[in-house]
Amino acid sequence: MADTTAPAPGLAMPRIRPGRIAIWTILFIGGVIMVTPLLFMFSTSLKTAGQVYDLRLIPANPTLANYERVLSDGRFLRWFFNSTIVALSVTVSNLFFDSLVGYTLAKFRFRGRQFVFIAILSTLMIPTEMLVIPWYLMSAQFGWLDTYWGIMFPGMMTAFGAFLMKQFFETIPDDFLEAARIDGLNEFAIWWRVAMPLVTPALSALAIFTFLGNWTAFFWPLIVTTSQELYTLPIGLSSFAVEQSIQWEMIMTGASLATLPTLIVFLALQRYIVRGVMLAGLKG
């Protein structure tokens, strides 16, 4: 009998190159190494105090008692609320102002445009630690210490966001904008209704970077806040870890709750950030 499993004449079976197998193996191993601490954190949060030093990823008797204890502490919910307000407000502000600046620099021709762009980029070369004292003096002068505004104002606009949006707005053909002007739209409406929908990957990438950066921010909120009611989650978790001493199951539970929003944001917008990186590479 003829071998029916043999490939048809003229059709070659796809072959996987050894180099690709090696790359996939390295990526898999690297992924396992990176994900394991995260899984261990979530696993420890489901353990009792007597099981903390059991290194199994799946607890023998998982429990949600740790989450009940942490959530029953009103301070944790307050810190969670503060971080949410700060991260969302700064993210929305960045998406609005950075995209306006990027659109203006990309689509308008005016004297000094390149100078303004270079001046914005030059701020990226200044370490954050050198800006803390001017920020603090400004906050003290205007009465922003220990306030939400004091925490948020340094990040309401960023040079990185303006640069990113400018690069993407430059990929939009000017013919689209001219057609909108002929239809009678003003410049703000053109930016909002025509240009913004075309740079969704860039907006999503900027939203992810801004949200994660402000959600995990520690240095500046620690300096500008003094009352526990205005602590953001990273600062609150730091003080919480000191209070809990060696109760690692409680510390891991707090860290797990703080990590969940970042995972949700990334999983919801990851396809946009991948598209953004691909388009940026093609443009380069």
Side-chain angles (χ1 to χ4, degrees), residues 31-49 51-53 55 57-59 62-95 128 146-152 154-156 158 204-270 273:
V32 170
I33 294 174
M34 294 179 64
V35 171
T36 298
L38 187 66
L39 295 178
F40 184 76
M41 178 185 68
F42 285 112
S43 173
T44 305
S45 69
L46 299 174
K47 297 178 180 179
T48 61
Q51 297 176 327
V52 168
Y53 297 101
L55 298 182
L57 287 178
I58 301 178
T63 177
L64 295 177
N66 298 329
Y67 288 91
E68 294 177 1
R69 289 178 58 189
V70 171
L71 293 176
S72 64
D73 189 338
R75 296 176 305 165
F76 187 88
L77 295 178
R78 180 68 183 185
W79 300 334
F80 197 94
F81 174 79
N82 292 340
S83 288
T84 302
I85 291 295
V86 170
L88 289 179
S89 300
V90 174
T91 300
V92 171
S93 175
N94 270 261
L95 294 179
T128 303
D146 208 27
T147 63
Y148 283 121
W149 179 251
I151 300 173
M152 294 187 297
M156 300 298 282
T158 61
S204 301
L206 180 59
I208 291 175
F209 295 145
T210 306
F211 183 87
L212 296 184
N214 284 274
W215 185 267
T216 59
F218 182 84
F219 188 48
W220 173 247
L222 177 64
I223 292 175
V224 78
T225 56
T226 55
S227 61
Q228 283 196 358
E229 291 185 354
L230 283 174
Y231 279 180
T232 54
L233 202 51
I235 304 173
L237 283 176
S238 178
S239 63
F240 181 77
V242 173
E243 294 175 4
Q244 296 299 322
S245 185
I246 59 173
Q247 297 186 45
W248 295 108
E249 72 281 3
M250 300 299 296
I251 297 174
M252 292 299 180
T253 301
S256 299
L257 289 172
T259 305
L260 284 177
T262 62
L263 292 178
I264 293 172
V265 170
F266 179 78
L267 292 176
L269 300 178
Q270 63 173 337
I273 193 172

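Shortest non-hydrogen contact noted between W215 and A258 is NE1-O, 2.8 Å. Closest approach of K47 and F40 over heavy atoms only: NZ-CE1, 4.4 Å. Nearest heavy-atom pair across P154 and W220 is CG-NE1, 3.5 Å. Listed here is the closest heavy atom pair of T63 and T48: CG2-CG2, 4.0 Å. The minimum heavy-atom distance between P59 and P62, with the atom names listed, is O-CD, 3.5 Å. Nearest heavy-atom pair, A217 versus T232, reported as atom, atom and distance to 0.1 Å: O-OG1, 4.1 Å.
With rounding to the nearest 0.5 Å, the separation of OG1 in T44 from CG in L39 is 10.5 Å. Rounded to the nearest 0.5 Å, atoms OG1 (T147) and CG (L230) are 7.5 Å apart. For the atom pair OG1 of T36 and CG of L57, the computed distance is 6.5 Å after rounding to the nearest 0.5 Å. Note that CG of N94 and OG1 of T158 are 4.0 Å apart. Values are rounded to the nearest 0.5 Å. Between the CG atom of N214 and the CE atom of M156 there is a distance of 9.5 Å, given to the nearest 0.5 Å. Rounded to the nearest 0.5 Å, atoms CD1 (I235) and CD1 (I223) are 9.5 Å apart.
The main-chain N or O of T91 is never found under 3.5 Å from a side-chain atom of T210 such that the two would form a donor-acceptor pair. Put simply, the side chain of T262 gets close to the backbone of T259: a donor and an acceptor are under 3.5 Å apart. At distances below 3.5 Å, at least one donor-acceptor pair connects side-chain atoms of S256 with backbone N or O atoms of M252.
Inter-residue side-chain proximity for F218 and S238 is flagged as met; some heavy-atom pair is nearer than 4.5 Å. The closest side-chain heavy-atom distance from D146 to V224 is not below 4.5 Å.
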Audit row: F76, L237, side chain to side chain contact (heavy atoms under 4.5 Å, CB included) steps and yes/no
CA-CA 8 Å; F76 187 88; L237 283 176; 3.8 Å; yes
Could you go through the side chain to side chain donor-acceptor pair (under 3.5 Å) check for S45 and N66 one step at a time?
CA-CA 7 Å; S45 69; N66 298 329; over 6 Å; no
Apply side chain to side chain contact (heavy atoms under 4.5 Å, CB included) to residues N82 and L233 and explain how you reach the verdict.
CA-CA 7 Å; N82 292 340; L233 202 51; over 6 Å; no
Side chain to side chain contact (heavy atoms under 4.5 Å, CB included) between L260 and F42, intermediate numbers included:
CA-CA 10 Å; L260 284 177; F42 285 112; 3.9 Å; yes
Pair W248, I251 - check side chain to side chain contact (heavy atoms under 4.5 Å, CB included), show working.
CA-CA 5 Å; W248 295 108; I251 297 174; 3.9 Å; yes
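Counting non-hydrogen atoms of other residues, nucleotides and ligands closer than 6.0 Å to CD1 of I58 gives a total of 12 or fewer. Within a 6.0 Å radius of CD in Q228, other residues, nucleotides and ligands contribute more than 12 heavy atoms.
Ring orientation note: the planes of W79 and Y231 are tilted relative to one another, at an angle of 30° to 60°.
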